[in-house]
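All chains are named by letter (A, B, ...) in the order of the sequence lines, taking the proteins before the strands, and each is independently numbered beginning at 1.
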Amino acid sequence: MSRRFFITTPIYYVNGAPHIGHAYTSIAADVMARWKRLDGFDVFFLTGTDEHGQKVEQAAVATGVDPQAHVDRLSADFRAMAEAMGVSFDDFIRTTEARHKRACAAFWDRLVASGDVYLGAYEGWYALRDESFYNDDELTTLPDGTRLAPTGAPVSWVKEPSYFFRLSAWQDRLLAFYDANPEVIGPPSRRNEVLSFVRQGLKDLSISRSGFRWGVPVPNDPDHVMYVWVDALVNYISALGFPDENGPLWRFWPADLHLLAKEIVRFHAVFWPAFLMSAGLEPPRRVFAHGWWTVEGEKMSKSVGNVIDPRALVAEFGLDPVRYFLLREVPFGSDGDFSRRALIGRLNVELANDLGNLSQRTLSQVARNLGGRLPAIAAPTEDDEALLSLAAALPDQLRELIDRQALHEALETVWKVVRAGNAYVDRQAPWALRKTDPDRMAAVLRVLADTLRAVATVLQPFMPDSMGRMLDQLGVPVEARSLAGLAVPLPGGTVLPAPSGIFPRFAEQAA
RNA sequence: GGCGGCGUAGCUCAGCGGUAGAGCAGGGGAAUCAUAAUCCCUUGGUCGGCGGUUCAAAUCCGUCCGCCGCUACCA
């Protein structure tokens, strides 16, 4: 088994401020990246920004700034958002960087060399005023037959020279690829959509534009810039040093997981593998699409004014509760609804009451009744063994679940142990044992401490800061916090710091 | 229109051939170590309608009703 792991988010298009959807993808990828590191993998976690295209060029012109200055500002905002969300990326690629343009040019040359690129003409309804093509279904037709763009500009049928990628030639090879790699697209519903899309027949893909300049130049044809597909997708290999296949990072290719939102599955599961195979490179091992969030039951939109700013959310509730909520509330891969009420419920019930309080009630008894020293392990009773074995099973269970991106199930699995822990405390009643059987009380508290250690260890990728503090309070040295480290018991007598609450309950301010 | 999916307790969903499940919400009780946090018990469903296969169907097949996704060049 390969011990290296390459995971990516999409590069985010800089046509607005980052919102909860961007944060969601990045946080989910972060959890997986952190999990793999915890499990001893050599991880490369890539994110970044997509900065070319006509929309960006127009936005820059509209605000009277140079496109590069415009994207510098927006890209920095995305990067700051990732950092604010605790996203532990190893590299942040920007499509305006020289290394990316070099990779794109080399990649383009490979496609040309394979015979899959030809010069043709892209046809469509074009509005001269907007300098933009429109789809048929976007147009309105006046009684006199004039067609108008959504902007009100008149359109005419225009042919523009464009390079094409011979995607039509790749249909059978793509189907064979999906067939040989059934896990390459997830969840299964997305796989089905991709399969039916490819089966219905593929058209050649326009991969250059000559109507605007803000893009990567096409080699040997200064009239063209690369259109989005090639430019954007190549980021995944430009960050690995392509075309230098002897560079230090190239060993990370092919990507183990491209994580993305459902609307860009096709680009990643159809176009990208075809490009890569054409270029003589391996296609990604897995592409997984998650769903979209609504807000309080409504679609998120600028006009409704309900777009969630992830940083505002973190300012109010804290980073870890937000990360937890996003991954716990909804089966990963499905759509979900974001509501204050639901977030507060998860925070108060699951984080504060279930987990935070289990830690607090355990550690406060250790502090008060045992002088703050971790008791030694005693011979386990049947009840002890039941709880400990549940906790010990967590790493293997989560490995399997996280490998198939079932993040919500991973959290549910951990919470079964947390609930079992609370039930165990009540059954054993160490506060009563304090008077009748202090040794047994110590043994019970040790069982609880070990259970909490396992829980906190596997939850570190989800809530790095909070679980770090919990492990501090449990006396677990930083170097003993990996999955491998969990196998080595802490010595009895370890002095624990004074416990303090990790997840305060959230009280809604009275209006 | 074509292809695919879904419809199970008040809510969110799991189960996918063998006497209906979880979490939350509701009701009752216990405990008091703990962030008044916990634990135990419990109410509640003709598993969208109809028909079929089977000794046996949420579970397979057909059909109808209702929702949803995909059906390519904004990313």
**Q.** Dot-bracket encoding per residue of RNA chain B, Watson-Crick/G-U cut-off under 3.5 Å, | denoting interstrand
**A.** ((((((((.[[[[.)..(..]]]].(((((.......))))).....[[[[[..)....]]]]])))))))....

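Taking A/Tyr227 as the reference, nothing meets the side chain to side chain donor-acceptor pair (under 3.5 Å) condition, with sequence neighbours excluded. Partners of A/Tyr424 by ring pair (Phe, Tyr, Trp, His ring centres under 6.0 Å), not counting sequence neighbours: none found. Judged as a ring pair (Phe, Tyr, Trp, His ring centres under 6.0 Å), and not counting sequence neighbours, A/Tyr178 has no contacts. Under the rule for a ring pair (Phe, Tyr, Trp, His ring centres under 6.0 Å), the partners of A/His224 that lie at least two apart in sequence or sit in another chain are A/Tyr163. With sequence neighbours left out, the side chain to side chain donor-acceptor pair (under 3.5 Å) criterion links A/Asp231 to A/His52, A/His100. Listed by chain and number, the residues in a ring pair (Phe, Tyr, Trp, His ring centres under 6.0 Å) with A/Trp125 are A/Trp157 (sequence neighbours excluded). The side chain to side chain donor-acceptor pair (under 3.5 Å) test applied to A/Arg453 returns no partner, not counting sequence neighbours.
When rounded to the nearest whole Å, the span between NZ of A/Lys55 and C1' of B/C73 equals 12 Å. Rounded to an integer number of Å, the gap from A/Glu193 CD to B/C6 P is 13 Å. Atom CZ of A/Phe197 is separated from atom C1' of B/G2 by 15 Å (rounded to the nearest Å). One interatomic measurement links the two molecules: NZ of A/Lys262 to C1' of B/G4, which rounds to 14 Å at whole-angstrom precision. In this entry the distance linking CZ of A/Arg209 with P of B/C74 reads 8 Å, nearest Å. Atom CG of A/Leu233 is separated from atom P of B/A75 by 11 Å (rounded to the nearest Å). Atom CD of A/Gln200 is separated from atom P of B/A72 by 6 Å (rounded to the nearest Å). Atom-to-atom, CZ of A/Phe267 to P of B/A75 comes out at 7 Å; the value is rounded to the nearest Å.
Among the heavy atoms of the strands, none lies under 4.0 Å from A/Asn348. Among the protein residues, A/Glu263 comes within range of the nucleic acid bases, having at least one heavy atom under 4.0 Å from a base atom.
Two residues are said to be in side-chain contact when any heavy atoms from C-beta on lie closer than 4.5 Å; A/Phe325 and A/Phe317 fail this criterion.
Counting only residues at least two apart or on different chains, the salt bridge (charged side-chain N to carboxylate O under 4.0 Å, His left out) pairs with a member in residues 420-434 of chain A are A/Arg361-A/Asp426, A/Asp383-A/Arg427.
Here A/Tyr227 does not reach the OP1 or OP2 of B/C74: none of its side-chain N or O atoms lies under 4.0 Å away.
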Where do N or O atoms of nucleotides 10-14 of chain B meet protein N or O atoms at under 3.5 Å, pair by pair?
none

**Q.** Reading 5' to 3' through nucleotides 30-39 of chain B, protein heavy-atom contacts under 4.0 Å coded B for base, S for sugar-phosphate only, - for none
**A.** -SSBBB-BBS

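The residues A/Arg328 and A/Glu409 are annotated as not salt-bridged, no charged nitrogen and carboxylate oxygen being separated by less than 4.0 angstrom.
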Which pairs would a plain distance check flag for residues 196-203 of chain A, meaning a side-chain donor or acceptor within less than 3.5 Å of a matching protein atom at least two apart in sequence or in another chain?
unit_1   : atom_1 : unit_2   : atom_2 : d
A/Ser196 : OG     : A/Glu193 : O      : 3.1

